[in-house]
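Read through the structure below, which is laid out as structure tokens, and then see the notes.
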Amino acid sequence: SIREEVGQERKRCEDATVAAILNLLQNHPNAAKQRNDCCFYTPRTAVVKQEDDGYGYTPLHAACYHEAPLEVISAILNVWPGAAREKCEDGRTPLHDACQYGAPMEVVSALLTAWPDAI
């Protein structure tokens, strides 16, 4: 059916996005530490784009905000474990965004493992 085809195409796009982010982090680990020029995981458009967000978000903030899968969250934390402690301009941590935007428990757990004192 058309619905199944659209779903499969979206999955392929999302898989390609995750692969691109993982490749970026593997080849340029310092990309995980960039502020205001973040790699945004955007599942609706399934692209990786760079833009000035104006809020001081790190890529981990952006990933949590845009509901990135655990694979992306873990990759960012692997190259920059301290990212879980970073606050944006309004004092929010990636954990705040993960909780507000309904991240799966595995993502919340990964953030808490990286920074147990967050709560």
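Residue numbers start at 1 and run along the sequence shown. The analysis underlying the following values was restricted to heavy atoms, covering all of them including side chains, and did not include hydrogens, waters or symmetry mates.
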- request: Kindly determine whether Tyr57 and Glu89 satisfy side-chain contact (heavy atoms from CB on, under 4.5 Å), including the steps that lead there.
  value: CA-CA 8 Å; Tyr57 266 28; Glu89 296 296 322; over 6 Å; no
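- Looking only at distances, no side-chain donor or acceptor of His66 sits under 3.5 Å from a matching main-chain atom of Ala63.
- Heavy-atom minimum distance, Ala75 versus Leu25: CB-CD1, 3.7 Å.
- The two residues Pro94 and Ala84 have their closest heavy-atom pair at CD-O, 3.7 Å.
- Shortest non-hydrogen contact noted between Ala114 and Pro81 is CB-O, 4.1 Å.
- If you take CD on Gln26 and CG on Asn78, they are separated by 11.5 Å, rounding to the nearest 0.5 Å.
- Atom-to-atom distance recorded for Leu111:CG and Ser74:OG is 9.0 Å, nearest 0.5 angstrom.
- When all heavy atoms of Ile73 and Ala68 are compared, the pair lying nearest together is CG1-O, 4.1 Å.
- For Asp90, the side chain to side chain contact (heavy atoms under 4.5 Å, CB included) test picks out Cys88, Arg92, with sequence neighbours left out.
- Distance OG1/Thr93 to CZ/Arg85: 11.5 Å, rounded to 0.5 Å.
- A distance of 4.5 Å separates CG in Asn23 from CG in Asn27, rounded to the nearest 0.5 Å.
- By the 4.5 Å heavy-atom criterion applied to side chains, Val18 and Pro69 are counted as neighbours.
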message: Quick one, Ile119 with Leu95, criterion side-chain contact (heavy atoms from CB on, under 4.5 Å). Give me CA distance, side-chain angles, the key distance, then yes/no.
response: CA-CA 10 Å; Ile119 53 172; Leu95 180 61; 4.2 Å; yes
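- Remark: His28 NE2 to Gln34 CD distance equals 11.5 Å, nearest 0.5 Å.
- Residue Glu71 holds its CD atom at 9.5 Å from CD1 of Ile21, rounded to the nearest 0.5 Å.
- The ring pair (Phe, Tyr, Trp, His ring centres under 6.0 Å) pairs that include a residue from residues 98-119 are Tyr65-Tyr101, where partners are two or more places apart or lie in different chains.
- At least one donor-acceptor pair closer than 3.5 Å links the side chain of Thr113 to the backbone N or O of Ser109.
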